[in-house]
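Take a look at the structure below.
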Amino acid sequence: MMGEGMSELVHHERLSPNYDERHAPVSTVVVHYTEMESASAALDRLTDPEAKVSAHYLISEGGEVTRLVPEDKRAWHAGVSYWRGESDVNGISIGIELDHPGHALGYREFSEAQIGALLPLLHSIVKRHDVPRANVVGHSDVAPHRKIDPGELFPWAKLAEHGLCLPRPTKLELGDPFDNDGAFYLAMERFGYDISDGRKSVEAFQRRWRPELIDGVIDGEIRAILFQLLLDRDRGLAR
């Protein structure tokens, strides 16, 4: 059954066979792009039993939402991933795929209609499952060693305006709080990231929190951003 208030948010249902049972409650939402030529091609893949991939929802560039897997089931969208100590991200998350060409097929801004459909859907999900803002993340956040979606043009700021994810810190209280790169990596891990590939993890952090410059280099600005994120969380401001 669709949850209360969901019927007007979901336009189509095309159930995928690619799911299994959850063994933990939902605490995270992962946003992806499809990196395919069309929504129909993405739907074909996400419902193909041979592909062994799926998501809970796909949103077309025109703003149509298709449900593929019920939220109480474990969809196969995140792959090998990690977030805040959890290595079975699929087991604790809802996956939302955005119909988009991605970096491989001509990276561009996300359509207004698509984001307009994402916002109320995401609001419904986080409210019903009590998902903290810090756990609304991109695929690159949970799989930094191999994924870069939804990428630097994804409008995290718009989601943050609606209270659906953490905003980029603007007031940076300490300019350069970490003594060395090792301390920065440990702080990244404390925030939630897999740091097994250091440079890729830094790129993922930059892609989310400082997208205007993604070079994998630890600099004073991203050190200050990370410190502020942790400071806000410790103060209870980053739920």
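From a predicted model like this one, the values you see are computed outputs, not experimental measurements.
- Between R146 and D194 no salt bridge is recorded (no basic side-chain N to carboxylate O distance below 4.0 Å).
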Working note: R190 + D234, criterion salt bridge (charged side-chain N to carboxylate O under 4.0 Å, His left out); need CA distance, chi angles, decisive distance, verdict. CA-CA 11 Å; R190 182 173 161 228; D234 289 348; 2.7 Å; yes

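- Look at R74 and D88 and you find a salt bridge, because one of the NZ, NE, NH1 or NH2 atoms lies within 4.0 Å of a carboxylate O, short of that distance.
- With side-chain heavy atoms closer than 4.5 Å counting as contact, directly or through intermediates, the hydrophobic cluster containing L58 also holds Y19, L43, L46, V53, L68, V69.
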Enumerate donor-acceptor pairs with a distance under 3.5 Å from any side-chain N or O in residues 151-163 to protein atoms, sequence neighbours excluded.
| residue | atom | partner | partner atom | Å |
| --- | --- | --- | --- | --- |
| E152 | OE1 | H103 | NE2 | 3.2 |
| E152 | OE2 | H103 | NE2 | 3.2 |

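- In terms of heavy atoms, L166 sits closest to R208 at O-NH2, 2.9 Å.
- Looking only at atom types and distance, the side chain of E97 has no donor-acceptor partner in the side chain of H77 under 3.5 Å away.
- A donor-acceptor distance shorter than 3.5 angstrom exists from the side chain of S81 to the backbone of G79, with no hydrogens or angles considered.
- Residues passing the salt bridge (Lys or Arg N to Asp or Glu O under 4.0 Å) test with E21 are K73, sequence neighbours excluded.
- The line from CG of L121 to NE2 of H56 is 11.5 Å long, rounded to the nearest 0.5 Å.
- Residues V80 and H145 form a side-chain contact, since some pair of their non-hydrogen atoms from C-beta on lies under 4.5 Å apart.
- Looking at Q206, its side chain does come within 3.5 Å of a backbone N or O of G216 through a donor-acceptor pair.
- Nearest approach of L164 to V136, heavy atoms of both residues: O-CG2, 3.1 Å.
- Here the straight-line distance linking atom CD1 of I214 with atom CD1 of I148 works out to 8.5 Å at 0.5 Å rounding.
- For the pair H139 (side chain) and A78 (backbone), a donor-acceptor distance under 3.5 Å is present.
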Criterion side-chain contact (heavy atoms from CB on, under 4.5 Å) on R223 and D181, from CA distance to verdict: CA-CA 9 Å; R223 285 196 287 259; D181 288 356; 4.1 Å; yes

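- Remark: the Y57 side chain and the E71 side chain contain an N/O donor-acceptor pair separated by less than 3.5 Å.
- Counting all heavy atoms, side chain and backbone alike, Y33 lies closest to D149 at N-OD2, 3.1 Å.
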Going through the distances and angles, do R210 and D219 end up as a salt bridge (charged side-chain N to carboxylate O under 4.0 Å, His left out)? CA-CA 11 Å; R210 207 267 311 271; D219 59 32; 3.1 Å; yes

Quick one, H12 with V10, criterion side-chain contact (heavy atoms from CB on, under 4.5 Å). Give me CA distance, side-chain angles, the key distance, then yes/no. CA-CA 6 Å; H12 310 285; V10 178; 5.9 Å; no

Check the pair K127 / V131 against side-chain contact (heavy atoms from CB on, under 4.5 Å), numbers first and verdict last. CA-CA 7 Å; K127 184 177 181 181; V131 175; over 6 Å; no

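- The heavy-atom pair separating H100 from R108 by the smallest distance is NE2-O, 2.8 Å.
- Remark: the backbone N or O of M188 is not paired with any side-chain donor or acceptor of Y185 at under 3.5 angstrom.
- For S60 (side chain) and G62 (main-chain N/O), a donor-acceptor pair under 3.5 Å exists by modelled atom type.
- For the side chain to side chain contact (heavy atoms under 4.5 Å, CB included) criterion with F191, the lone passing option out of D141, L186, L229 is L229.
- The backbone N or O of E61 sits less than 3.5 Å from a side-chain atom of S111, completing a donor-acceptor pair.
- Formation of a donor-acceptor pair under 3.5 Å by the S124 side chain with backbone atoms of P120 is not found in this model.
- Residues V65 and L9 have side chains not in contact (no heavy-atom distance under 4.5 Å, counting atoms from C-beta outward).
- Note on R168 versus E221: salt bridge recorded, some NZ/NE/NH1/NH2 to OD/OE distance being below 4.0 Å.
- Minimum interatomic distance between A204 and P144 (heavy atoms only, all atoms of both residues): CB-CB, 3.5 Å.
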Report the C-alpha separation of L122 and V126 in whole Å, then their side-chain angles, then the decisive distance to 0.1 Å, and conclude whether the side-chain contact (heavy atoms from CB on, under 4.5 Å) test is met. CA-CA 6 Å; L122 187 55; V126 300; 4.0 Å; yes

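- Note: the hydrophobic cluster containing I92 does not contain W83 (ILVMFWY, side chain heavy atoms under 4.5 Å, direct or indirect links).
- A donor-acceptor pair is defined here as one N or O able to donate and one able to accept, closer than 3.5 Å; no such pair exists between the side chain of E13 and the backbone of T66.
- Distance alone, capped at 3.5 Å, places no donor-acceptor pair between the E203 side chain and the D215 backbone.
- The shortest non-hydrogen separation linking G138 to P150 is CA-CD, 3.7 Å.
- By the 4.5 Å heavy-atom criterion applied to side chains, Y82 and V142 are not counted as neighbours.
- Side-chain atoms of L118 and I96, non-hydrogen and from C-beta on, do get closer than 4.5 Å to each other.
- In this structure, E112 CD and Q114 CD are separated by 11.5 Å, a value rounded to the nearest 0.5 Å.
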Salt bridge (charged side-chain N to carboxylate O under 4.0 Å, His left out) between D232 and K171: does it pass, once the steps are laid out? CA-CA 11 Å; D232 288 347; K171 180 185 176 186; over 6 Å; no

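- Contact check for V202 versus V217: no side-chain heavy atoms found under the 4.5 Å cut-off.
- A distance of 12.0 Å separates CG of D99 from CD of E35, quoted to the nearest 0.5 Å.
- Atom CZ of residue F110 and atom CD1 of residue I115 lie 6.5 Å apart, to the nearest 0.5 angstrom.
- Taking the side chain as every heavy atom from C-beta outward, L98 and V31 approach each other to under 4.5 Å.
- Residues N135 and S93 are not in side-chain contact: their nearest non-hydrogen atoms beyond the backbone lie 4.5 Å or more apart.
- For H11, the NE2 atom sits in a packed shell: over 12 heavy atoms of surrounding residues, nucleotides or ligands are nearer than 6.0 Å.
- The structure places CZ of R45 at 11.0 Å from OG1 of T47, a figure rounded to the nearest 0.5 Å.
- A donor-acceptor distance shorter than 3.5 angstrom exists from the side chain of S54 to the backbone of W76, with no hydrogens or angles considered.
- Under the 4.5 Å side-chain heavy-atom criterion for Ile, Leu, Val, Met, Phe, Trp and Tyr, Y107 and M36 are members of distinct hydrophobic clusters.
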